[in-house]
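What you are looking at is a predicted structure, and each value in this text was computed from that prediction instead of being measured. Numbers here are sequence positions counted from 1. Because only heavy atoms are used, hydrogens play no part in the values below, and waters and symmetry mates are left out as well, while side chains stay in.
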Amino acid sequence: MLAYVRGLPVTVRQYLLITGNYWCFTLTDGALRMLVVLHFYQLGYDALSIAMLFVFYELFGVITNLMGGWLGARIGLNRTMNIGLGLQVVALSMLLVPLDWLIVPWVMAVQALSGVAKDLNKMSAKSAIKTLVPKNSSGALYQWVAWLTGSKNTLKGVGFFLGGLLLSILGFTGAVIVMVVTLAFIWALSIRLLKEELGKTKTKPKFNDVFSTSHSVNLLSVARLCLFASRDVWFVVALPVFLSSQLGWAQVDVGTFLAVWVIVYGIVQSQAPKITQGKRKVTDGLTALLWALLLVIIMAFIAISMALPALPTEWVIVSGLVVFGIAFAVNSSLHSYLIVSYAKEEGASLDIGFYYMANAVGRLVGTVLSGWLYQISGLQACLYMAVFFLVLTVILSLFLPRATHSST
């Protein structure tokens with residue numbers, strides 16, 4: 001096996017190493033979230049209060065993506081990826097304090113640090129692919145990005161299960177120790193094996209270069225913001241609370257259902273190139289527009305069906321979420337490919353960091369609105385707000401470049 005790996009091209013070995021780093025990080029990220037959720041739920045916190053623990057996670061993601069792309073271009077993506085892994089080890093280690101010390105401000109600080117680590121890791125992984133795939137190989141680029149993105153989300157769902165399993169077997173502290181030791185080992189391997197100077201620009205970019213001057217990148221970034229706000233405005237807080245409080249689902253059922261949803265979501269993401277390319281054999285702005293339109297139709301159907309007494313609410317939510325998840329996964333993977341494709345060759349991390357900054361803003365806006373709208377108007381208001389954000393995504397997608405990126 002080792003001989004086979006050594007015989008692979010350098011670019012493939014680097015891609016596998018980057019993917020492995022990303023996988024291991026994602027497992028601990030998903031497990032950490034589940035540990036925090038379950039711990040504070042056992043302490044008597046309600047779902048909205050628990051969700052607010054993660055606001056710093058999203059907020060610091062905004063800052064990190066803006067700074068991380070600039071940092072990656074200056075010092076190399078290998079270093080930003082390793083910094084992300086190291087920060088996650090530190091964040092997990094901060095939980096190895098007596099359980100009585102795990103108060104809200106401390107856990108929010110842990111989440112803030114973990115948010116920085118996550119987005120450094122993600123930005124580095126996505127930007128590195130741009131440097132590894134040969135130019136004019138958009139089909140290969142789409143497949144590599146889709147696989148990285150999809151496998152990450154699948155493993156995040158696995159991480160939810162892993163967190164619950166470790167908690168039940170080893171307890172909170174034991175679970176954290178296992179994650180710290182494992183990730184520290186991966187970190188040491190990455191420092192030793194990841195290629196130096198990966199993604200580092202020949203000239204030192206200025207800080208104001210973090211704001212993209214590319215019309216395509218800016219359009220896609222705002223579309224991404226609206227896309228993820230449309231998901232999180234009902235998925236993050238409103239949906240779990242609704243399933244538990246209105247439909248009477250047990251907490252374990254809610255967690256299992258959402259974990260399975262994330263796993264399937266990731267699988268669909270990894271297959272996006274096969275789903276979207278079809279007869280046109282071109283993946284461009286028109287592809288993004290058509291899939292965003294489909295998502296609007298699905299979301300509107302869910303929102304309207306919720307108001308129809310003839311249709312069982314539970315059936316509408318569960319079946320609607322499955323169909324929505326499939327379409328959203330394709331949209332997300334498609335956007336992830338387009339940003340890597342649009343990013344400039346020299347200093348790709350700057351454009352990609354800016355894009356994922358917009359992604360983090362969308363998640364933050366969606367998370368806050370999800371709690372606020374549900375509290376004042378219920379799930380229906382969250383669903384209509386999701387439709388509004390998706391309509392904005394469609395409008396922005398109208399202006400994305402078309403037929404410029406062949407998949408052959």
Side-chain angles (χ1 to χ4, degrees), residues 142 145-146 149-150 153-154 219-239 242 258 261-278 280 282-307 311 315-339 355-356 358-367 369-370 373 379-402:
Y142 193 3
V145 170
T149 304
N153 282 304
T154 297
L219 268 177
L220 188 64
S221 297
V222 181
R224 182 76 169 195
L225 186 159
C226 295
L227 182 68
F228 271 76
S230 76
R231 183 195 68 176
D232 289 2
V233 74
W234 71 291
F235 186 81
V236 172
V237 177
L239 180 63
F242 182 84
L258 296 182
W261 187 88
V262 172
I263 291 171
V264 175
Y265 170 83
I267 293 172
V268 174
Q269 278 187 312
S270 67
Q271 299 302 308
K274 296 178 181 178
I275 298 171
T276 61
Q277 288 177 340
R280 292 183 70 234
V282 171
T283 306
D284 58 5
L286 178 59
T287 315
L289 172 63
L290 294 175
W291 279 93
L293 277 169
L294 177 61
L295 206 52
V296 169
I297 294 169
I298 294 169
M299 196 71 247
F301 176 80
I302 298 171
I304 294 170
S305 298
M306 277 284 293
L311 294 176
W315 178 88
V316 170
I317 290 295
V318 173
S319 60
L321 185 61
V322 170
V323 177
F324 172 84
I326 292 171
F328 191 92
V330 173
N331 272 274
S332 175
S333 192
L334 177 58
H335 276 212
S336 294
Y337 158 68
L338 288 176
I339 185 55
Y355 168 82
Y356 279 109
N359 181 95
V361 172
R363 289 171 59 98
L364 177 61
V365 169
T367 298
L369 281 178
S370 186
L373 282 175
L379 182 62
Q380 194 80 27
C382 297
L383 296 173
Y384 285 127
M385 182 59 72
V387 174
F388 170 74
F389 279 123
L390 286 172
V391 169
L392 292 180
T393 305
V394 168
I395 294 172
L396 291 163
S397 300
L398 285 168
F399 303 98
L400 291 174
R402 300 186 184 182

Asker: How many angstroms lie between CG in L225 and OH in Y355, if you round to the nearest 0.5 Å?
Answerer: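 If we round to the nearest 0.5 Å, L225:CG and Y355:OH are 10.5 Å apart.
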
Asker: Main chain of L227, side chain of S230: is a donor-acceptor contact present, judged purely on distance under 3.5 Å?
Answerer: yes

Asker: Kindly indicate whether the side chain of P401, heavy atoms from C-beta on, has any atom under 4.5 Å from the side chain of D284.
Answerer: no

Asker: Which heavy atom in T154 sits nearest to a heavy atom in I263, and how many Å separate them?
Answerer: OG1-O, 3.1 Å

Asker: Show the nearest heavy-atom pair for residues G285 and L400, with the distance to one decimal.
Answerer: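 So the two residues come closest at CA-CB, 3.6 Å.
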
Asker: Mark yes or no for whether S370, through its side chain, and V237, through its backbone, hold a donor-acceptor pair below 3.5 Å.
Answerer: yes

Asker: Out of curiosity, S221 OG to H335 NE2, how far, rounded to the nearest 0.5 Å?
Answerer: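 One gets 10.5 Å once the value is rounded to the nearest 0.5 Å.
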
Asker: Has T276 got a side-chain atom pairing as donor or acceptor with A272's backbone, closer than 3.5 angstrom?
Answerer: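 Yes; judged by distance alone, with no hydrogens or angles, the pair exists.
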
Asker: Report yes if the side chains of W234 and M385 come closer than 4.5 Å at any heavy-atom pair, otherwise no.
Answerer: no

Asker: Return the minimal non-hydrogen interatomic distance between D232 and T367, and the atom names on each side.
Answerer: CB-N, 4.1 Å

Asker: Hey, are the side chains of L321 and L239 touching, using non-hydrogen atoms and a 4.5 Å cut-off?
Answerer: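 Of all side-chain heavy-atom pairs linking L239 with L321, at least one is under 4.5 Å.
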
Asker: List the steps and the verdict of side chain to side chain contact (heavy atoms under 4.5 Å, CB included) for L294 and N331.
Answerer: CA-CA 10 Å; L294 177 61; N331 272 274; 6.0 Å; no

Asker: Write down the atom of V394, the atom of L289, and the distance for their closest heavy-atom approach.
Answerer: O-CD1, 3.5 Å

Asker: Can the ring centroids of F235 and F328 be said to lie less than 6.0 angstrom from one another?
Answerer: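 When the ring centroids of F235 and F328 are compared, they turn out to be at least 6.0 Å apart.
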
Asker: Give a yes or no answer on whether the side chain of S270 reaches the backbone of G150 with a donor-acceptor pair at less than 3.5 Å.
Answerer: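 Checking the backbone N and O of G150 against the side chain of S270, no donor-acceptor pair under 3.5 Å is found.
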
Asker: Rounded to the nearest 0.5 Å, how far apart are CZ of F324 and OH of Y265?
Answerer: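 Here the rounded value is 8.5 Å.
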
Asker: Any chance you could lay out the side chain to side chain contact (heavy atoms under 4.5 Å, CB included) test for S333 and V145, step after step, and finish with the verdict?
Answerer: CA-CA 8 Å; S333 192; V145 170; 5.7 Å; no

Asker: Mind checking the CG-OG spacing from N359 to S336? Nearest 0.5 Å is all I need.
Answerer: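 N359 atom CG to S336 atom OG measures 8.0 Å (nearest 0.5 Å).
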
Asker: First locate atom OG of S319, then atom CZ of F301, and finally report the distance between them rounded to the nearest 0.5 Å.
Answerer: 7.0 Å

Asker: For a side chain to side chain contact (heavy atoms under 4.5 Å, CB included) check, start with the C-alpha distance between I317 and M306, then their side-chain angles and the critical distance, and finish with the verdict.
Answerer: CA-CA 8 Å; I317 290 295; M306 277 284 293; 3.6 Å; yes

Asker: Measure the shortest side-chain to side-chain distance between F389 and L369 over non-hydrogen atoms and say whether it is less than 4.5 angstrom.
Answerer: yes

Asker: Which heavy atom in C382 sits nearest to a heavy atom in L373, and how many Å separate them?
Answerer: SG-CB, 3.8 Å

Asker: Strictly distance-based, threshold 3.5 Å: is any side-chain N or O of S332 a donor or acceptor partner for the main-chain N or O of A329?
Answerer: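 Judged by distance alone, no pair lies under 3.5 Å.
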
Asker: Would you check, one step at a time, whether the test side chain to side chain contact (heavy atoms under 4.5 Å, CB included) holds for V330 with Q269?
Answerer: CA-CA 6 Å; V330 173; Q269 278 187 312; over 6 Å; no

Asker: For G320 and I302, work out which heavy atoms get closest and say how close.
Answerer: O-CD1, 3.4 Å

Asker: Roughly how far, to the nearest 0.5 Å, is CD1 of I304 from CD of Q380?
Answerer: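 So the CD of Q380 and the CD1 of I304 are separated by 9.5 Å.
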
Asker: A side-chain contact here means heavy atoms from C-beta on lying under 4.5 Å apart; do V268 and I275 qualify?
Answerer: yes

